[in-house]
Structure formats: structure tokens, C-alpha cells
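Report on the following structure.
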Amino acid sequence: MTELNFSSLPLAEPLQRALTVKGYTQPSPIQARAIPVLLEGRDLLACAQTGTGKTAAFALPILHRIAGLNRKPERGTVRTLILTPTRELAGQVADSFHAYGGNVKFRIGLVHGGVSQHPQVRALQNGLDVLVATPGRLLDLMEQGRADLSGISCFVLDEADRMLDMGFINDIRRIAKKLPAARQTLFFSATMGPEISKLAATLLREPAEIRIDPQVTTAEKIDQSVLFVQQNDKHALLLDLLGSRMKDNRGELNLIFSRTKHGARKLAEKLNRAGIRTDAIHGNKSQAARLKTLDRFREGRTPVLVATDVAARGIDVRNITLVVNYDLPMEADSYVHRIGRTARAGASGRAVSFCSGDELNLLRSVERLIKQTVRVDEDHDHHSEAVAARHREGDRGGRDPTRKPRAGRTGRGRSFSGPRGKPRFRGRRRPRAAGA
Ligand code: AMP
């Protein structure tokens, strides 16, 4: 956090009041850097993940401008467009606008699939200060001639890398083509691969660039560990881990990531059969069902949620203190997104990754991306020495010549990325069964 206070930023008084009520005093680093730039009207390219306070970083300057205009949008026009990859995230962005803009008169509308388009069309006809949309439904309405974006003066692309992962790149290009060239554009992404940079270059004009390094957010607040386990033992390992947490549960929530929808569903069924209240959230569920599931989770009625990467986007639930990667993600940057679901807003959290022999290469990609080794936790009943041995071999560079040996490694192949000493979920050391 910086020394700066919100009161020293030139934000309109109604916004300052709302921030005080919310209890925010200091802007987060991205807010401290982005808000002055955005108030000047400049474009912005921001590399920052969820949990950094990026929503307020764009919502506050946008609301500031609306407050200054002090007049309603004209019928059928939209002033600001915010594109998000998922419905959940769209809803959360709109909630943030309501929270920060509670003392400002403004009209906001949501456009996404999975619900009737009629109320959305009506809102567009009335005119909107802010439209939060997912790309598919918005394009649909544009093609029907029901969404006119020619009056947009500010365009925000949120979680651009996730949009690309979800195959929205062409939709984004088609939408951007319909926007006026004279506009302010804000581009947010957790990662900045070549494809993202290319897209950013086509949309932005001399942007200010801000990078909030994921290393800081992942390393400092989240206790990360990897558990080597045979694929067949993962379920038993998860039961041990959750079982011990359920015993003295104080409203803490657990988010489990599965690579496939089918896997998520099956896992939730198995956990329920074992007496652990669990729900699953994945793309096959309707919007209403997903929201209900999220509410139950948020309230702690189902303290365990199994999710796929896509469905978990934008889940902003405060009490998640454990994230389990039941399967390691195929793409390393998903790891950063996943574990970013815990340790929200300054709280601490724990991220545990189950890694089978087939996933060792995925673990290496993750470590290369986050630029640190993940601590190996052997202290559980399902530790696989066979997988651990393969991991050690790989570490010597035999399999992966691109990887440099790291400082801070100790004997027996263990690596330490941070302080140890977090309570273990099993007090007892596993028996070391060769080849287990
Ligand atoms: P975001 O990265 O936008 O998803 O925000 C992460 C969380 O931090 C949200 O729950 C916000 O309500 C909270 N938050 C954002 N800005 C601040 C701030 N300046 N002080 C305290 N909490 C904040």
C-alpha cells in the first residue's frame, strides 16, 4: 500500500463519501497509479489480476466523469462500455459501480446471455451511462440493431487474457470496430502474452502502462504448496484435507479446481457422499443456477465449491481461505487466476496443488511463470515418492534444459518458496513407501 490517501486524489465528493462509508482509506497500488492517469483522460494498459482493486481503479474515474456531467444520457445512447468475460464478473462490476456510485445519479445496465433480452433492450433504449456486457449477447443485440455504441466515450476491456482464452477475440474486434475512434480505452489483463499485446496495440493510443506484478500478490499473502500424489489417490487426499478443515470450521470457504465440467460434477457428488457439503459450478449450469450456487457458497451454506476455470472467473468471495488445484491447470496463467481467489483484499490464504506424475510439466510451467518454486509438502498420507523422484530428476535439468537451478533449494529435493510452519493438515509423517 502506498502512503497516499483517497482524500488526496481529485475524486468528486460523493465518491469520497462512498469510499469512507466502505471503509477504504488508502488506494491500492493500482488505484494510486491508475486513477490520476485516467482522470487526465489517457488510455491505460494495466497488467493486474483480480484482487488488486482494479475494479475501483476504473470505476472511480468513470463515476467521477459522470458526476461532473450532471445530465442524463440521451435515449438510445451509451456513454461507457465495459466488457467482461463472464456473467458473474459483469454482475460484480455492476455491484461495484453501485457501491462506489451510491451518491451519484447514473444509469447502469447489464447485458449478458442466459437471461431474457427484453429488459436489456429496454435499458438500452432509455440510454445508459454505463453498460457492462459480455461479448456474445452484446454482439447479438448490435446485430439486431438494438445496441448503438456510436456514443461511447470510454471503453474498458476487463480480464482481456481470459476473454482470449474463452475465444472472444473476434467478438471483441467486431465490437471495437463499432466504437468511435475518439474515446478513452482501458485494457486490463492478468497476463501480457504476445496475443494480448497485439490486441492491446490495436485498441489503445499511447497508453500509460501499469504492471502490478503477480509475484507480489501471489508470494506475499498466499501460502502455496504442492503435494505429489498418484492420480488415483487424489480423492482420498482431498477427503483428508477437507475432513480436517471441516472439524473446526469457522466459516472458512474452500474452492476446488477441476479441469473438466464432468470432473467437477463427479467430485462434488463424491464429496457429498462423504458427508462434506459441496456444490459444483461449471459452464453447463444456467445463469440462475450459477448465481444460486454462488450465494450458497458465499453464505457458507455449502463451504466447498468445485469449479472449472471458466466458471470460476470473477468469483469474488471474501472468505475463501483454501484453494485446491485438484488438477493443475493446462495453462500456467490459470494458476495465478485460481489462487488469486483466496487471500482477497489483504487477507491471507492457502493454495494447495495436487500434482501427479503426468502433471510435472504443468508444475514447471507454473513455477516459471510465477518465478518461484512452490514448496513441496510431503507430510500427508498419500505422498507419492515416485512422483517426487521424477520431480527431483527434472530439477537437475535432465528433462528440462531451459530451467536453471535455483538458489534456496535444500537437500531431498524440497524447495522452499517462503516461510514454512503453517499448520499441516496431518500431524503425522507418511510412511515412505517406495514407488507408492
Ligand atoms: P478487485 O481487484 O477489483 O476484484 O477488488 C478486490 C477486492 O478489494 C474487492 O473486494 C474490493 O471491494 C476490495 N477493495 C478494492 N479497493 C480497496 C481499497 N482501496 N481498500 C480496501 N479494499 C479495497
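Just so it is clear, the model here is predicted, and its values are computed rather than measured. Along the sequence shown, the residues carry numbers beginning at 1. Atoms within a ligand are numbered from 1 in the order they appear, just like the ligands themselves.
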Any chance the side chains of Thr321 and Arg245 put a donor and an acceptor closer than 3.5 Å?
-> yes
Pair Asn126, Arg75: side-chain N/O donor-acceptor within cut-off below 3.5 Å = yes
Please identify which atoms of ligand 1 are closer than 4.0 Å to at least one heavy atom of [X].
| X | result |
| --- | --- |
| Thr55 | 1 (P), 3 (O), 4 (O) |
| Thr52 | 2 (O) |
| Phe6 | 19 (N) |
| Ser28 | 19 (N) |

Does the N or O separation between Gly53 and ligand 1 drop below 3.5 Å for any pair?
-> yes
Polar atom proximity, Tyr24 to ligand 1 (N or O, under 3.5 Å) | yes
Please confirm whether Gln26 comes under 4.0 Å of ligand 1, counting heavy atoms of the residue only.
-> yes
Nearest atoms (heavy-atom pairs only) where Pro180 meets Leu149 | CD-O, 3.4 Å
In short, Met246 meets Ile276 closest at the heavy-atom pair CE-CG2, 4.2 Å
Is any side-chain N of the basic residue among Asp279 and Arg301 closer than 4.0 Å to the acidic one's carboxylate O?
-> no
Identify whether the distance between the nearest side-chain nitrogen and carboxylate oxygen of Asp295 and Lys292 falls below 4.0 Å.
-> no
